[in-house]
Trainee: 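First the structure, then my questions, so here it is.
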Protein chains: 2
Amino acid sequence: MHAPTEARPLYAQVKALIIQRLLQGTWRPGEALPNEFQLAADFGVSQGTVRKALDELAQENIVVRYQGKGTFVAEHTPHRSLFHFFRLVDRDGSRHTPQSQWLDCGRRTATPLECERLDLTEGAEVFFIRRLRSLSDVPALVETIVVNSSLLPDLDREGRGLNTLYDFYQSRYGVMVVKSSEFLSAVAATKEEAGILGVTPGHPLLQIDRSAWGLDGRIVEWRLSRCLTDRFRYFTELM
Amino acid sequence: MHAPTEARPLYAQVKALIIQRLLQGTWRPGEALPNEFQLAADFGVSQGTVRKALDELAQENIVVRYQGKGTFVAEHTPHRSLFHFFRLVDRDGSRHTPQSQWLDCGRRTATPLECERLDLTEGAEVFFIRRLRSLSDVPALVETIVVNSSLLPDLDREGRGLNTLYDFYQSRYGVMVVKSSEFLSAVAATKEEAGILGVTPGHPLLQIDRSAWGLDGRIVEWRLSRCLTDRFRYFTELM
DNA sequence: TAGTGGTCTAGACCACTAG
DNA sequence: TAGTGGTCTAGACCACTAC
């Protein structure tokens, strides 16, 4: 039986309840959820309804399901972070693992643009990282990462020098990045960028303006990357 | 009952059979498919199995389902083509419909690069289009489109001046574009491009190298677009 | 009112994993 | 062998559409 007051389908309600528990930390990253029948009994619905909820969560990379083993909270390993969110690939389509070199970082008041992108009120404090990323030891991009410092406190102390951040956000703060959107454009390298990347000023760079959202729907991070695409290209698929 | 010789799940077999019928033209674009029970009886499976096949086809934009109405072959209207495959949006995220001006077109022997991209043997004939696309009457990009002329014969006679091609491929040839992949990079405008787009040579342009595949898995088209991103940006989402 | 897809249930059996 | 998710079925009822 279910209450007729709630308009959404049952499976959507179950899905929301599971997300709620994930946010509360009921199950940690990598941990197994109870099996379908246990969840079904728990929520007072049939196993098929739980299945539909879990299938949707699996499709959104929030849980991972293995036949014969169980359903697990998706873990943002460095490999997964890179494979999923880092879209620069070699000319032949192959992927390489980037290295990171931190150039600068610290806390400061958010700029108006950052407030807009991070959905912050004027004057809020943010933590920023400026870093150089290389592929096969060749400088590939410079980027500025800005995070809401209330969402990820002490990142400046604990995260220094990290290469992949999304897995750190999850393991350290329980913040799971589940979606990002990007605006791409072609720009000319500034003098500073040209110096870092080893090209002449004005060299065409691919600018990636990315916002990343967490499981709770709040914006976690904004980053602006300026990439050399002489050796590597940005790959995407549309279906 | 089902034959135990086939390893794939039943719903996947049903899905493949439906795709086969779509390729044969059993149901035309925009037409309704038989309802779930009719298809189930037809294929000798249960309605739930047909549903799973149709749900996957709907997710891949191959069919469209409306509660109370039926399941229809997805129609590549100009609007859908643009909304789905044309990724340039205004700075504020809003979409505009581009206009097209054909600069050149014709038949010729494919270049080695085109043979590679279109999976053609050396010396094959292709049809090409070179056109300028504008947004709100402002030149936005120049692109070269190359198609396999055996897959889309007489496109040069019948398609002259068209703005959106994917819906034409479908309505004229029954070729449905279902997937594309793109490689993006930042490049410097050539003299010719600069002239057409109204900028100075060397101006940064976003290059989009796109291949598009049909329902049968064959490559339909390759295009290389070089876009001004001063006013517009390329938008994409990662989940 | 009849026909469609959408949801929900209950139960059977299969395929894979692990001790 | 026991436990998990994956597939498949059968049937009930709901929500929406069109006449």
Side-chain angles (χ1 to χ4, degrees), chain A residues 1-19 21-22 26-28 30-75, chain B residues 1-19 21-22 26-28 30-75:
Chain A
M1 284 308 145
H2 64 277
T5 50
E6 173 59 79
R8 279 183 305 170
L10 256 188
Y11 73 84
Q13 297 175 50
V14 168
K15 184 181 166 187
L17 287 170
I18 295 174
I19 287 178
R21 295 199 183 179
L22 286 169
T26 307
W27 310 296
R28 305 294 307 164
E31 243 181 62
L33 273 64
N35 73 41
E36 295 177 348
F37 286 98
Q38 287 169 327
L39 286 172
D42 197 355
F43 294 126
V45 300
S46 79
Q47 175 248 10
T49 300
V50 170
R51 169 178 292 277
K52 180 143 185 171
L54 289 175
D55 281 346
E56 285 199 358
L57 290 169
Q59 203 164 19
E60 295 166 28
N61 300 307
I62 293 168
V63 301
V64 186
R65 317 191 75 194
Y66 300 105
Q67 183 175 158
K69 293 183 69 175
T71 302
F72 303 82
V73 182
E75 218 166 350
Chain B
M1 287 303 150
H2 64 279
T5 51
E6 174 58 80
R8 278 182 306 171
L10 257 188
Y11 72 85
Q13 297 175 49
V14 168
K15 185 180 166 188
L17 286 170
I18 295 173
I19 288 178
R21 295 197 183 178
L22 286 170
T26 306
W27 310 295
R28 306 293 309 166
E31 244 182 62
L33 271 63
N35 74 40
E36 294 177 348
F37 285 99
Q38 287 168 326
L39 286 172
D42 197 356
F43 294 126
V45 299
S46 80
Q47 176 248 11
T49 300
V50 169
R51 168 179 293 277
K52 180 141 185 172
L54 289 175
D55 281 346
E56 285 200 358
L57 289 168
Q59 202 162 20
E60 296 166 30
N61 299 307
I62 294 168
V63 301
V64 186
R65 317 191 75 194
Y66 299 105
Q67 184 175 156
K69 294 185 68 177
T71 302
F72 303 82
V73 182
E75 218 167 351

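In what follows, every heavy atom counts, from backbone to side chain, and hydrogens, waters and symmetry copies are set aside.
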Trainee: Show me the dot-bracket string of DNA chain D, counting Watson-Crick or G-U pairs under 3.5 Å, with | for pairs to another strand and [ ] for crossing ones.
Mentor: ||||||||||||||||||.
Trainee: Please determine if Asp42(B) and Arg21(B) form a salt bridge, counting it only when a charged side-chain N lies under 4.0 Å from a carboxylate O.
Mentor: yes
Trainee: Can you check the Glu36(A) CD to dA10(C) P distance for me, whole Å?
Mentor: 15 Å
Trainee: Among the candidates dC8(C), dT7(D), dG5(C), find the nucleotide nearest to the side-chain atoms of Pro9(B).
Mentor: dT7(D)
Trainee: Measuring from the side chain of Thr49(A) (C-beta onward, heavy atoms only), which nucleotide among dT7(C), dT7(D), dC8(C) has the closest atom?
Mentor: dC8(C)
Trainee: Among dT9(C), dC8(D), dG5(C), find the nucleotide with the atom closest to the side chain of Leu10(A).
Mentor: dT9(C)
Trainee: How many whole angstroms separate atom CG of Leu54(B) from atom C1' of dC8(D)?
Mentor: 16 Å
Trainee: What distance do Gln47(A) atom CD and Thr49(A) atom OG1 have between them, rounded to the nearest 0.5 Å?
Mentor: 9.0 Å
Trainee: When you check the gap from the basic side-chain N to the acidic O, do Lys52(A) and Glu36(A) get nearer than 4.0 Å?
Mentor: no
Trainee: Which distance, rounded to the nearest 0.5 Å, do you find between the CD of Gln67(B) and the NZ of Lys69(B)?
Mentor: 12.5 Å
Trainee: Could you check which residues of residues 59-70 of chain B get a heavy atom under 4.0 Å from DNA chain C? Sort them by number, please.
Mentor: Arg65(B), Tyr66(B), Gln67(B), Gly68(B), Lys69(B), Gly70(B)
Trainee: Checking only heavy atoms, does the side chain of Arg51(B) share a donor-acceptor pair with the base of dG6(C) at less than 3.5 Å?
Mentor: yes
Trainee: With nearest nucleotide decided by heavy atoms, which residue, Leu33(B) or Ala12(A), maps closer to the 5′ end of DNA chain C?
Mentor: Leu33(B)
Trainee: Regarding Arg28(A) and Glu75(A), does a basic nitrogen lie under 4.0 Å from an acidic carboxylate oxygen?
Mentor: no
Trainee: Can you tell me how far C1' of dC8(C) sits from CZ of Arg8(A), to the nearest Å?
Mentor: 17 Å
Trainee: I need the Ile62(B) CD1 to Leu54(B) CG distance, nearest 0.5 Å.
Mentor: 11.0 Å
Trainee: Strictly below 4.0 Å: does Tyr11(A) bring a side-chain N or O up to OP1 or OP2 of dT7(C)?
Mentor: yes
Trainee: In plain terms, say whether Arg51(A) and Glu56(A) are close enough for a salt bridge, that is, a side-chain N and a carboxylate O under 4.0 Å apart.
Mentor: no
Trainee: State which of dT9(D), dG6(D), dT7(D) makes the closest approach to the side chain of Ser46(B).
Mentor: dT9(D)
